[in-house]
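The structure appears right after this line, and notes come after that.
For the numbers below, each heavy atom of this structure counts, side chains included, while hydrogens, waters and symmetry mates do not. In this chain, residues are counted from 1 in sequence order.
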Amino acid sequence: DPHVVLAAAGAVPTNEVLAARELLKRDLPDLRVRVVNVMDLMRLDSRGAHPHALEQEDFNALFTTDKHVVFSFHGYPSAIHQLISGRPNPSRFHVKGYTEEGITTTPFDMLIRNGTSRFQLAIEAIRRAGRVTSGGSGVIDRYLLELEQHQAYIREHGEDPADITGWRWGTF
């Protein structure tokens, strides 16, 4: 029974969701987070609208019926909102995706500008979990500081920091 669901569609969003989950596990081990990776967007569509769509029971088993879902997507957030519009309580889905922010810059800086970096996803998960767990506000402050430091590094060096480019599952 998760406090919040982190979901993603696309390789880069999935990588960032996994990194966010690892941050949360390290820094807020009592926060129960479920991760869902969506490989076929049509699975989200309501039954009858597409042959690949999940049955409601299966959709609910993945996304719950009442928990907030922080969804990272490599496209426009409205595409996900359109697909889930026939699902129960779609307003609990908080989709982060391409918002046409920024200029040509580094890959991680583009994630930051679009609100889809691991730190921003972790912050959103903490805020949407229904309660800020013990130490949650301090963790949010630390993630905000890390975002500032990463942006300063990118501005100074014109590339993403090694802790971002070298991140692999299980490295935190």
*Give the cluster check for Trp169 versus Leu24: same hydrophobic cluster or not, with ILVMFWY residues linked at side-chain heavy-atom distances below 4.5 Å.*
yes

*Heavy-atom side-chain proximity of Thr65 to Asn89 below 4.5 angstrom*: no

_On the six-membered ring of Trp167, is Arg118 placed so that its NZ or CZ lies under 6.0 angstrom from the centre and within 45° of the ring axis?_
yes

*For the residue pair Asn37 and Ala8, what are the closest heavy atoms and their distance?*
OD1-O, 3.4 Å

*asked:* Closer than 3.5 angstrom, by distance alone: can the side chain of His3 be matched with the main-chain N or O of Arg32 as a donor-acceptor pair?
replied: yes

*Given the rule that I, L, V, M, F, W and Y join up when any side-chain heavy atoms are under 4.5 Å apart, are Leu23 and Ile164 in one cluster?*
yes

*Expected output: side-chain His50 to main-chain His52 donor-acceptor under 3.5 Å*: yes

*So how far is it from Asp109 CG to Thr106 OG1, rounded to the nearest 0.5 Å?*
4.5 Å

*Where do Pro2 and Val33 come nearest, in terms of heavy atoms and distance?*
CB-C, 4.4 Å

*May I ask you to test the Glu16-Leu121 pair for a side-chain heavy-atom distance under 4.5 Å?*
yes

*Going by heavy atoms in the side chains, are His94 and Val69 under 4.5 Å from each other?*
no

*Can you check whether His74 reaches Tyr98 side chain to side chain, under 4.5 Å on heavy atoms?*
no

*asked:* Set out, in order, the CA-CA distance, both residues' side-chain angles and the distance that settles side chain to side chain contact (heavy atoms under 4.5 Å, CB included) for Leu83 and Met42, then state yes or no.
replied: CA-CA 7 Å; Leu83 287 168; Met42 294 300 105; 3.7 Å; yes

*Any idea which heavy atoms bring Val38 and Phe63 closest together, and the distance?*
CG2-CZ, 4.1 Å

*If we only count heavy atoms from C-beta on, is the Thr116 to Pro13 side-chain gap below 4.5 Å?*
no

_Exercise: identify the closest heavy-atom pair between Pro77 and Gly97_ = CG-N, 3.6 Å

_If hydrophobic clusters are built from ILVMFWY residues whose side chains come within less than 4.5 Å, do Leu145 and Ile126 share one?_
no

*asked:* If you apply the rule side chain to side chain contact (heavy atoms under 4.5 Å, CB included), what do you find for Lys96 with Phe71, and how did you get there?
replied: CA-CA 6 Å; Lys96 306 298 179 184; Phe71 198 115; over 6 Å; no

_Student check: side-chain heavy atoms of Leu6 and Glu124 closer than 4.5 Å_ = no

_Atom of Thr99, atom of Arg113 and distance for their closest heavy-atom approach_ = OG1-O, 4.2 Å

*Write out all pairs satisfying salt bridge (charged side-chain N to carboxylate O under 4.0 Å, His left out) with one or both partners inside residues 57-74, taking only residues at least two apart or from two chains.*
Asp1-Lys67

*Do His150 and Phe108 have their ring centres less than 6.0 Å from each other?*
yes

*Yes or no on side chain to side chain donor-acceptor pair (under 3.5 Å) for Ser117 and Gln120, after CA distance, side-chain angles and deciding distance?*
CA-CA 5 Å; Ser117 76; Gln120 292 158 308; 2.7 Å; yes

*Measure the CG-CD1 distance between Leu147 and Ile112 for me, rounded to the nearest 0.5 Å.*
5.0 Å

_Test of understanding: clusters of I, L, V, M, F, W, Y form through side-chain heavy atoms closer than 4.5 Å, transitively. Do Leu144 and Leu111 belong to the same one?_
yes

_Once rounded to the nearest 0.5 Å, what's the spacing between atom CG of Leu18 and atom CZ of Arg21?_
10.0 Å

*Residues Asp45, Arg87; criterion salt bridge (Lys or Arg N to Asp or Glu O under 4.0 Å); working and verdict*: CA-CA 8 Å; Asp45 207 356; Arg87 299 292 187 175; over 6 Å; no

*Do the side chains of Asp160 and Ile154 get nearer than 4.5 Å, heavy atoms only?*
yes

*Indicate the atoms forming the closest heavy-atom contact of Leu62 with Val36, along with that distance.*
O-CG2, 3.7 Å

*Side-chain contact, heavy-atom cut-off 4.5 Å: Val12 with Asn15?*
no

*Could you tell me if the ring centre of His68 sits under 6.0 Å from that of Phe93?*
no

*Carefully, step by step, assess Leu54 and Leu44 under the rule side chain to side chain contact (heavy atoms under 4.5 Å, CB included).*
CA-CA 6 Å; Leu54 285 171; Leu44 300 174; 5.7 Å; no

*So Thr105 and Met110, side chain to side chain contact (heavy atoms under 4.5 Å, CB included) or not? Walk me through it.*
CA-CA 7 Å; Thr105 182; Met110 286 302 297; 3.4 Å; yes

*Do Tyr143 and Asp27 get their side chains close enough for a donor-acceptor pair, meaning under 3.5 Å?*
yes

